[in-house]
Novice: 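The structure that follows is given in the form of structure tokens.
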There are 2 protein chains.
Amino acid sequence: MDKPAGRRPTVKDVARLAGVSQGTVSNALSGARAVETETRQRINQAIAALGYVPNLAARRMRTGRTNTIAVMTSMPAAVSAGSSRLGFLMEIAASAAIHALDYNSALVLVPPVADPAVALRHVAMDGAIVIEPQQDDPFLSLLETRGIPVVVIGQPAGTGLPWVDMHYERTADLLLSHLLERGARRIALIIGASSRVSHAVTRECYDRRMSLAGIPPCVIPVPEQEGEDGAYRATRDLLQQVPGIDAIFAPVDAFATGAMRALRDAGRAVPGEVRVVTRYDGLRAREERPSLTAVDLHLEQVAGLATGLLMDLIAGKEIPARTEGPLPSLVIRGSSQG
Amino acid sequence: MDKPAGRRPTVKDVARLAGVSQGTVSNALSGARAVETETRQRINQAIAALGYVPNLAARRMRTGRTNTIAVMTSMPAAVSAGSSRLGFLMEIAASAAIHALDYNSALVLVPPVADPAVALRHVAMDGAIVIEPQQDDPFLSLLETRGIPVVVIGQPAGTGLPWVDMHYERTADLLLSHLLERGARRIALIIGASSRVSHAVTRECYDRRMSLAGIPPCVIPVPEQEGEDGAYRATRDLLQQVPGIDAIFAPVDAFATGAMRALRDAGRAVPGEVRVVTRYDGLRAREERPSLTAVDLHLEQVAGLATGLLMDLIAGKEIPARTEGPLPSLVIRGSSQG
DNA sequence: CTGAAAGCGCTTACAG
DNA sequence: CTGAAAGCGCTTACAG
């Protein structure tokens, strides 16, 4: 092993040992141009002998490609922190990391911190997957400024970005139908107050279903930043003002656990007196007692789809504005049984 | 905005617009050398006017630093896949990503796939956090070959790598004491068959405690690859051969759920006839019915510690061989109550 | 405090 | 099929 001591070997070292030029080593590695079998063997031997590993920074600078994609969300910490919303982000990130491998790419995790500009300052990427952006999402504008290809998971507001449809409407419909079938007659909706498409679509669906069923709507917007406590207070007030409530639909899981706590404190039995359902089937839904009826969003598949689309976009291919995600499926649990 | 059309602006463009040299722009950005206030202002104006964003690949190539750390684990998919073990990895990754930001670094997620060499091929990093490596861990040898600084979470086998102590012994002790206090007299240990330090330490602790309590040990090794099903079969056989078993300690959560299923199928009540405890307090433990008594490992803190140590190591500072992690705390749930 | 220039390690036209 | 050379966009000695 005549490794040049101290210094990491470069193409130059490999070329010298194999008796060829740098360019030929590069071509043997990338396959960009054909290299004679015998030459290639000499090169491979030299690579093995030296323990050569390409300098990715140099390659990236030269090609202008980073072979990296990023995953990010701008959900505020009150909802996204801890194991709850984070679970949502993480399920997607893990799946995207595995799929990125098929495209010779790595996945960087952009942490959900207060300042998106700071979070992005030190990450280079060929493209980004943005999870459920809000209107005027800070990540989206930063990425647009930099001209970075984006695929949205959820549904983008206004922007013309390509997206994977997570079926907000169908999800709301699934949960509301379930409540109505179980005999709920006074269903309250506890919804995020921010301008997120998921909230708007869910609310429209709710209004329509209530109107069809001849049930007076009861919508309680809660600021996302207030998280579980906000939903707790909202539910406590609701139970006093509308004592007849027999079901609560809280799509944000942090809101659902807040509602559950308020119900417990008010002595209302779940599901006996009040049924509760939420959207994301994560730690919060499963850990609650009784555990919460929710929806399997098939996030692994969603992430796989989004990754493939993003890679096509980066490669300059045409991709559809909207891509159908897997259909959500109801997961019935104790909070709405019986 | 006299942005050079099509091309992304570079230091050169900024320098020209500000009427200074490239070097001065660089110094103004990095703070490596002092720059006169008035000059700095002109530079900042130029940066804003052009929308200049540094080319990280060029910077990395020049400095030799990637400002990236990676998180990885070599746990086989049968145990690590899905929401279970993945949760463990993800809790650490999320926390490490946030802490990395304090060191101007990004975090890449190395996906747990069959071939570690493939998983690492396209990621450049200054250092790595390796989670609970096994003996002759493939990631560890790859990283060593490349001379990449490593901090281990858990406990390394043999290697002299710095590590954050997750208190395997104390964790086992906590759970076994709990079972003994609740009156368990015939405690079986279902443990991973691979050469992982956590398994060895747990087993030693178990042997010692059983010996002290005058209880005949009953250890059932299950290959990690067999996952939940392996533990199911092992438990089924165990219940036939040793009918008097009144407690099961299954540190791997996938094994614990396998044991729970076997107990249900055998008609044994949990916790009435058999108590069950596991280690990682993740989705599996919480979702099980009854939910499983487990241990809060304070993974966010552990990850924060590991990230700080790794950054020091990268910076060339001396770091201790072993760093005390937060103490585990018992989370008592239905599977061992009453 | 600032400038001019070298060079990090690759890949890719350009010749042959 | 192969080589010699240019150049990607930074940072950092080296001068002044």
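Throughout, protein chains are lettered first and strands after them, A, B, ... in sequence-line order, and every chain is numbered starting at 1.
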Novice: As a quick check of understanding, evaluate side-chain contact (heavy atoms from CB on, under 4.5 Å) for A:Leu310 and A:Tyr103, giving each step before the final call.
Specialist: CA-CA 11 Å; A:Leu310 182 58; A:Tyr103 300 88; over 6 Å; no
Novice: Does B:Glu144 pair with B:Arg146 as a salt bridge, N-O distance under 4.0 Å?
Specialist: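 Looking at B:Arg146 together with B:Glu144, the answer is no, because their closest N to O distance does not fall below 4.0 Å.
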Novice: Sub-3.5 Å donor-acceptor pair from the side chain of B:Thr68 to the main-chain atoms of B:Ala106, do we have one?
Specialist: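 Answer holds: no.
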Novice: Given atom CZ of A:Arg60 and atom P of C:dC10, what is their separation to the nearest angstrom?
Specialist: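 It works out to 13 Å between those atoms.
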Novice: C:dG3, OP1 or OP2 - any side-chain N/O from B:Thr24 closer than 4.0 Å?
Specialist: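 Yes, because at least one side-chain N or O of B:Thr24 sits under 4.0 Å from OP1 or OP2 of C:dG3.
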Novice: Provide, to the nearest angstrom, the distance between the CZ atom belonging to B:Arg42 and the P atom belonging to C:dC1.
Specialist: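 Distance check: B:Arg42 CZ to C:dC1 P gives 15 Å.
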Novice: Just the table, please: protein N/O against nucleotides 13-16 of chain D N/O, every pair under 3.5 Å.
Specialist:
residue : atom : partner : partner atom : Å
D:dC14  : N4   : B:Arg33 : NH1          : 2.9

Novice: Round to the nearest Å and state the distance from A:Arg65 atom CZ to D:dG9 atom C1'.
Specialist: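 Checked: the CZ to C1' distance equals 19 Å.
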Novice: Could you say whether A:Ser30 or B:Ala34 is positioned toward the 5' end of DNA chain C, judged by the nucleotide with the nearest heavy atom to each?
Specialist: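 The residue closer to the strand's 5' end, by nearest nucleotide, is B:Ala34.
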Novice: Taking all non-hydrogen atoms of both residues into account, name the closest pair between B:Ala303 and B:Ala96 and its distance.
Specialist: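 Looking at all heavy atoms of both residues, the shortest contact is CB-N, 4.1 Å.
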Novice: Take B:Phe139 and B:Thr73 through the side-chain contact (heavy atoms from CB on, under 4.5 Å) test and state the conclusion after the steps.
Specialist: CA-CA 8 Å; B:Phe139 277 121; B:Thr73 178; over 6 Å; no
Novice: NA contact type, A:Thr39, heavy-atom cut-off 4.0 Å: base, sugar-phosphate, or nothing?
Specialist: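 Sugar-phosphate, no base atom in range.
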Novice: Specify the separation, in whole Å, of atom CZ of B:Arg7 and atom P of D:dG9.
Specialist: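 B:Arg7 atom CZ is separated from D:dG9 atom P by 7 Å.
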Novice: Restricting to non-hydrogen atoms, name the atom on B:Ile69 and the atom on B:Ala100 that form the minimum distance, rounded to 0.1 Å.
Specialist: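 The answer is CD1-CB, 4.1 Å.
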Novice: DNA chain C: stems of at least 3 consecutive Watson-Crick or G-U pairs, cut-off 3.5 Å?
Specialist: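 Stems (3+ consecutive pairs) listed as C:1-3 with D:14-16, C:5-12 with D:5-12, C:14-16 with D:1-3.
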Novice: Would you name the heavy atoms of B:Met166 and B:Ile153 that are closest together and state the gap between them?
Specialist: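 Smallest heavy-atom distance, with atoms named: SD-CG2, 3.8 Å.
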Novice: Would you say the side chains of B:Gln134 and B:Ser194 form a donor-acceptor pair under 3.5 Å?
Specialist: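 No, no side-chain donor-acceptor pair sits under 3.5 Å.
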Novice: Strictly distance-based, threshold 3.5 Å: is any side-chain N or O of B:Arg33 a donor or acceptor partner for the main-chain N or O of B:Gly23?
Specialist: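 Flag not set: sc B:Arg33 to bb B:Gly23 has no pair under 3.5 Å.
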Novice: What is the minimum heavy-atom distance between B:Ile47 and B:Leu29, and which atoms define it?
Specialist: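 The answer is CD1-CD2, 3.9 Å.
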Novice: On a heavy-atom basis, which atom in B:Val123 and which in A:Leu56 lie closest, and how many Å separate them?
Specialist: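 Closest approach of B:Val123 to A:Leu56, heavy atoms only: C-CD1, 3.6 Å.
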Novice: Tabulate atom names and distances for all N/O pairs under 3.5 angstrom spanning the protein and nucleotides 6-8 of chain C.
Specialist:
residue : atom : partner : partner atom : Å
C:dG7   : N2   : B:Arg62 : NH1          : 3.2

Novice: Figure out the CD1/P separation between A:Ile43 and D:dT2, and round it to whole Å.
Specialist: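 Rounded to the whole Å, the gap is 8 Å.
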